[in-house]
Amino acid sequence: MTHARTHTVTTGAVPVEAGELFYESAGEGPPVVLLHGGMLDLNMWDEQFSLLAGQGYRVIRYDARGHGRSSTVAGDYANHDDLHALLTHLDVPCAALVGLSLGARTAIDTAIAHPESVSALVLASPGVSGRPFSDRYVAHHTAQQMAAMGDPDGGAQRFVEHFLRMWVDGPYREPSEVGRTLRERMRASASANVVRHARGLGAGTPREVGAADRLASIRVPTLVLDGELDSSDISSNAQAIARAVPGARHQRFSSAAHMVNVESTALFNRAVRSFLVSTTNLN
């Protein structure tokens, strides 16, 4: 255990099918789980982890399989079942899930596959299982990523740079128009994942629930957050969720692309805090 500000941070590894998940937990109160985006790790929630723990929540963040300090992918797996195993191990029967991108995709699948385990959803820059990517900008950089794979002469660096172009800069900005600190922070996380989990590329396929056609079955309070500078695929996902999930709220941030929690931190934190207060009992 280590101390962060005024609360204790507990760390550990939870066994899951053919692997384990690394997690951190802090604070006491209604449980809130933070789910990071693809190619990143739990550190992308630094701006929210301590804040929420200090506001009366038990906050849990973890590295998804194939990311950070969790196990490398070694076969087919299901992110929503991994999360359910984590919650069970930590004796959390029900939690609010705050996910970004891949994390939102996992949160949605969990709400459908394990509805008893989810009390509320915050879906930032959301992915949705079963919805295809069609944005030409994303398709271009994805193709460039694939071309870089396996190239021993700078391929890994190019792979990460195309990730940054898609999911940090977005289609409406050049790298020079994005804060250098943000870009380098995301580059460091993505580069570490590429090195640590390289052998897991292509080693297994995630099993998903096909949420695209099942969004209307979600019956928990839901907040959707996205940035106006993100790709059209993500904007379309956000709109589809807001239309289909009964009672869902939707808020857009005008000056952010994909990484809304670190680009529009104050607005993001305010929106999440207000939503959680309205859906959880802090008494």
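Sequence positions, counted from 1, serve as the residue numbers for this chain.
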- When rounded to the nearest 0.5 angstrom, what distance separates CD1 in Ile234 from CD in Gln239? 11.5 Å
- Is the closest side-chain heavy-atom distance between Gln157 and Arg187 below 4.5 Å? no
- Could you give all pairs that pass the salt bridge (charged side-chain N to carboxylate O under 4.0 Å, His left out) test and reach residues 239-253, with sequence neighbours left out? Asp226-Arg252
- Item | Ser134-Asp233 side chain donor-acceptor pair, cut-off 3.5 Å | yes
- Note on the structure: Between the OG atom in Ser117 and the CG atom in Leu97, the distance rounded to the nearest 0.5 Å is 8.5 Å
Would you give me the side-chain donor-acceptor pairs under 3.5 Å for residues 210-224, sequence neighbours excluded?
residue, atom, partner, partner atom, Å
Arg214, NH1, Val209, O, 3.3
Ser217, OG, Arg214, O, 2.6
Arg219, NH1, Ala216, O, 2.3
Thr222, OG1, Val220, O, 2.9

- For Thr279 against Ala120, the heavy-atom pair lying closest together: OG1-CB, 4.0 Å
- Task: Report whether Met166 and Met186 are members of the same hydrophobic cluster (ILVMFWY, side-chain heavy atoms less than 4.5 Å apart, transitive linking).
- Result: yes
Residues 13-34 side chain polar contacts: donor-acceptor under 3.5 Å, at least two apart:
residue, atom, partner, partner atom, Å
Glu24, OE1, Arg61, NE, 2.9
Glu24, OE1, Arg61, NH2, 2.9

- Taking all non-hydrogen atoms of both residues, which atom of Val260 and which atom of Ala124 are closest, and how far apart? CG2-CB, 3.9 Å
- Message: Give me the atom names and distance for the closest heavy-atom approach of Ser235 to Asp230.
- Response: OG-O, 4.4 Å
- Specify the closest pair of heavy atoms between Ala53 and Val59, including all atoms of both residues, with the distance to one decimal. N-CG2, 3.4 Å
- Query: Does Asp63 use its side chain to pair, donor to acceptor, with the backbone of Asp41 at less than 3.5 Å?
  - Reply: no
- Message: Is there a path of hydrophobic side-chain contacts, each under 4.5 Å between heavy atoms, that joins Trp45 and Leu225?
- Response: yes
- Report yes or no: does Ser274 contribute a side-chain atom to a donor-acceptor pair with the main-chain N or O of Arg270 at less than 3.5 Å? no
- Query: Taking all non-hydrogen atoms of both residues, which atom of Glu47 and which atom of Val262 are closest, and how far apart?
  - Reply: OE1-CG1, 3.4 Å
- Item | Those residues that, when tested against His162, pass ring pair (Phe, Tyr, Trp, His ring centres under 6.0 Å) (two or more places apart) | His141
- Message: Test of understanding: with side chain to side chain contact (heavy atoms under 4.5 Å, CB included), list the residues that count as partners of Ala148, not counting sequence neighbours.
- Response: Arg158, Phe159
- Determine whether Val168 and Leu42 fall in the same hydrophobic cluster, where Ile, Leu, Val, Met, Phe, Trp and Tyr are linked whenever their side-chain heavy atoms lie under 4.5 Å apart. no
- Message: If we ignore hydrogens and angles and just use 3.5 Å, is the side chain of Tyr137 paired with the main-chain N or O of Ser231 as donor and acceptor?
- Response: no
- Any luck finding a side-chain donor-acceptor pair between Asn269 and Gln48 under 3.5 Å? yes
- Query: Should Leu164 and Val178 count as side-chain neighbours, where that means a heavy-atom distance under 4.5 Å?
  - Reply: no
- Task: Sequence neighbours left out, what passes side chain to side chain contact (heavy atoms under 4.5 Å, CB included) with Ser236? Give chain and number order.
- Result: Arg131
- Pairing residues for Phe133 by the ring pair (Phe, Tyr, Trp, His ring centres under 6.0 Å) criterion, not counting sequence neighbours: none
- Message: To the nearest 0.5 Å, what is the distance between CG on Asp109 and CZ on Arg207?
- Response: 12.0 Å
- Do any N or O atoms from the side chain of Tyr57 and from the backbone of Leu51 form a donor-acceptor pair under 3.5 angstrom? no
- Query: If you measure from CG on Leu121 to OG1 on Thr110, what distance do you get to the nearest 0.5 Å?
  - Reply: 8.5 Å
- Message: For a 4.5 angstrom cut-off between non-hydrogen side-chain atoms, does Glu161 reach Arg183?
- Response: yes
- Task: List the steps and the verdict of side-chain contact (heavy atoms from CB on, under 4.5 Å) for Leu35 and Leu83.
- Result: CA-CA 9 Å; Leu35 295 86; Leu83 174 55; 3.9 Å; yes
- Message: Is there a continuous path of hydrophobic side-chain contacts, each under 4.5 Å between heavy atoms, that joins Val245 to Val128?
- Response: yes
- If Ile, Leu, Val, Met, Phe, Trp and Tyr residues are connected whenever their side-chain heavy atoms lie under 4.5 Å apart, and connections chain through other members, are Val272 and Phe49 in the same group? yes
- Query: Looking only at heavy atoms, what is the nearest atom pair of Asp82 and Tyr77, with distance?
  - Reply: OD2-CD1, 4.3 Å
- Between Asp169 and Arg173, is there a salt bridge with N-O shorter than 4.0 Å? no
- Message: Test: ring-ring contact (aromatic ring centres under 6.0 Å, His included). Region: residues 235-275. Which pairs qualify, not counting sequence neighbours?
- Response: Trp167-His258
- Task: State which residues pass ring pair (Phe, Tyr, Trp, His ring centres under 6.0 Å) with His80; sequence neighbours excluded, sorted by chain then number.
- Result: none
- Any donor-acceptor pair under 3.5 Å linking the side chain of Asn237 with the backbone of Pro126? yes
- Query: What residues, two or more places apart in sequence or in another chain, satisfy salt bridge (Lys or Arg N to Asp or Glu O under 4.0 Å) together with Glu177?
  - Reply: none
- His197 side chain vs Met39 backbone, donor-acceptor pair below 3.5 Å: no
- Message: Check whether His36 reaches the backbone of Met44 with its side chain - one donor and one acceptor, N or O, closer than 3.5 Å.
- Response: no
- Query: To the nearest 0.5 Å, what is the distance between CD (Gln251) and OG (Ser264)?
  - Reply: 9.5 Å
- Using the test side-chain hydrogen bond (donor to acceptor under 3.5 Å, both in side chains), find all partners of Asn79 that sit at least two apart in sequence or belong to another chain. none
- Do the non-hydrogen side-chain atoms of Arg69 and Arg196 ever get within less than 4.5 Å of each other? yes
- Message: If I take atom OG from residue Ser125 and atom CG from residue Leu100, how far apart are they, to the nearest 0.5 angstrom?
- Response: 4.5 Å
- Query: Where the side chain of Asn193 meets the backbone of Leu40, is there a donor-acceptor pair that is under 3.5 Å apart?
  - Reply: yes
- Query: Could you give all pairs that pass the ring-ring contact (aromatic ring centres under 6.0 Å, His included) test and reach residues 97-124, with sequence neighbours left out?
  - Reply: His84-His114
- Message: With a 3.5 Å distance limit and no angle check, can you tell me whether Ser70 reaches the backbone of Gly66 through a side-chain donor-acceptor pair?
- Response: no
